[in-house]
Number of protein chains: 2
Amino acid sequence: MSLPHAILTALLEKPSSGLELTRRFDMSIGYFWSATHQQIYRELGKLEHEGYIRALPSAQPTRGQKKEYEVLPAGRAELARWTAESQDPKPIRDPLLLRLRAAGVVGAEGIDAELRRHLDLHQRQLSEYLEIEKRDFPPDRDTVEDRLRHAVLRAGIDLETFWTRWLSRTLAELEPPTAAAADASTPAEGNGPK
Amino acid sequence: MSLPHAILTALLEKPSSGLELTRRFDMSIGYFWSATHQQIYRELGKLEHEGYIRALPSAQPTRGQKKEYEVLPAGRAELARWTAESQDPKPIRDPLLLRLRAAGVVGAEGIDAELRRHLDLHQRQLSEYLEIEKRDFPPDRDTVEDRLRHAVLRAGIDLETFWTRWLSRTLAELEPPTAAAADASTPAEGNGPK
DNA sequence: AGTGGTTGTGCAACTAGTTGCATAACCTCG
DNA sequence: CGAGGTTATGCAACTAGTTGCACAACCACT
């Protein structure tokens, strides 16, 4: 039940059309929730039907034309209710970890290439977040809202940091020992006793 | 497409019945993939139908009676194929971060209680993982398989560590300044100049 | 006026995961 | 033996997210 609330939050920050929301979900909202434009349009329809949002009167109802939405009081109330609600964290579910475990059973051929690829992706994401932090959070402003937004971004930063560290360590642990243990096709020149 | 492969991995490690798998998913497998018993039974049916696994001959086909499965060569091949495949990491999607952002818009009332609750849950999970590490990974054994399994567990440990740190920091940042900034109903006794 | 790209909205079908419930076999205790 | 709990398998309906495509409006260039 998170997507409708993500949309309400985004619309409270700034009334938008479906496509604008999609772009915002790809950008800043993306570091804690992602969604495709189809999900967003469908959800906008539902939210309007339930009386949580409404289309701004300026927009015509024909297809292919921009339609902006704003949040109604009922929508704000629903968002406040949901925000204060108690929800348990969901257990981890990560395909990469699963594949690593599977590699332990069917053989680790080629898994290191995949680990390196992920490491690269996470490093890029991390430096992107650090850019955003530098740009959007100079050390002067300090409202509660700023702090909350900064905390959320920092979660993104810390998570990417975790991944890059874990991937580096895992790669380091898998590779050299494999080379040392494998007595075939390993050059191993210059480090034996003379 | 991860659940069937999680099941294949689990069955290769040890042939099991549906309920046994469910228990293993709640325990050790749970730190990288979770699943309910209904998902598992449904998937076992599909995997058997597709010729990846088969029921051990000892089991009778009646309902309510234990039915153990083992992986067939085709299943092992499929798992190896999937493990080596290239898959992009999925973007973060975390309701707690979303709620924190929403709190910045509709007000942060009561969110700190929720943060503390999550902190407690993550601390428990972390110490559970540390127990498992101490029990299952003594520093002597060192096969490639051990290393892979240990790396996966360490991802769980590091992730829980990230959460506990991030939650502690976020709580620390939200609370004292709020008390200092709010000039109403704050006792603030004994720390001013005499 | 016509073609081609961009912006924008939207349907339909599919895949994955969740929730609630039904039902059968088996074991234990009185 | 039969009542009640535990073990075990499974169906049906639902919710959430993904993929692929259709189509209208608008704009710019020729």
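Please read these numbers as outputs of a predicted model, since none were measured by experiment. Computation of the quantities below employed the complete heavy-atom set of this structure, encompassing side-chain atoms and omitting hydrogens, waters and symmetry-equivalent molecules. Residue numbers start from 1 in every chain, and the chains themselves are labelled A, B, ... in the order their sequence lines are given, proteins ahead of strands.
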- Query: So which one's nearest nucleotide on DNA chain D is more toward 5', B:Glu20 or A:Leu3?
  - Reply: B:Glu20
- Message: Among residues at least two apart in sequence or on other chains, which ones pass side-chain hydrogen bond (donor to acceptor under 3.5 Å, both in side chains) with A:Ser34?
- Response: B:Arg93
- Please state how far atom CG in A:Leu19 lies from atom P in C:dG10, giving the value in whole angstrom units. 12 Å
- Looking at side-chain heavy atoms only, is the closest gap between B:Tyr69 and B:Glu48 below 4.5 Å? yes
- Query: Rounded to whole angstroms, how far apart are CZ on A:Phe25 and P on D:dT18?
  - Reply: 12 Å
- Query: Starting at the 5' end of DNA chain C, which residue's closest nucleotide do you reach first, B:Pro4 or A:Ser17?
  - Reply: A:Ser17
- Distance, rounded to the nearest Å, where B:Ile40 contributes CD1 and D:dA8 contributes P: 13 Å
- Taken to the nearest whole Å, OH/A:Tyr41 to C1'/C:dT9 is 5 Å
So which protein N/O to nucleotides 14-16 of chain C N/O distances come out below 3.5 Å?
{"unit_1": "C:dA16", "atom_1": "OP1", "unit_2": "B:Met1", "atom_2": "N", "d": "3.2"}

- Query: Any chance the side chains of B:Glu133 and B:His150 put a donor and an acceptor closer than 3.5 Å?
  - Reply: yes
- Query: How are the rings of A:Trp163 and A:Trp166 set relative to one another: parallel (under 30°), tilted (30 to 60°) or perpendicular (over 60°)?
  - Reply: perpendicular
- Query: Could one point to a donor on the side chain of A:His37 or the base of C:dG8 with an acceptor on the other under 3.5 Å away?
  - Reply: no
- Message: Rounded to whole Å, please give me the gap between CG in B:Leu44 and P in D:dT9.
- Response: 9 Å
- Message: What is the separation between atom CG on A:Asp88 and atom C1' on C:dT19, rounded to the nearest whole Å?
- Response: 16 Å
- Message: Using 30° and 60° as the class boundaries, would you call the ring planes of B:His5 and B:Trp82 parallel, tilted or perpendicular?
- Response: parallel
- Task: Give a yes/no on whether any side-chain N or O of B:Lys66 is located under 4.0 angstrom from OP1 or OP2 of C:dC26.
- Result: no
- Query: For B:Glu43 and C:dT18, what is the distance between atoms CD and C1' respectively, to the nearest whole Å?
  - Reply: 15 Å
- Donor-acceptor pair present, A:Gln38 side chain and D:dG17 base, under 3.5 Å: no
- Query: What's the verdict on salt bridge (charged side-chain N to carboxylate O under 4.0 Å, His left out) for A:Glu131 and A:Arg135, showing C-alpha distance, side-chain angles and the deciding distance?
  - Reply: CA-CA 6 Å; A:Glu131 278 303 311; A:Arg135 170 161 48 79; over 6 Å; no
- In whole Å, what is the span from the CD atom of A:Glu48 to the C1' atom of C:dT9? 13 Å
- Item | B:Phe25 side chain near B:Leu3 side chain, heavy-atom distance below 4.5 Å | yes
- Residue closer to the 5' end of DNA chain D, B:Arg23 versus A:Ser34 (nearest nucleotide): B:Arg23
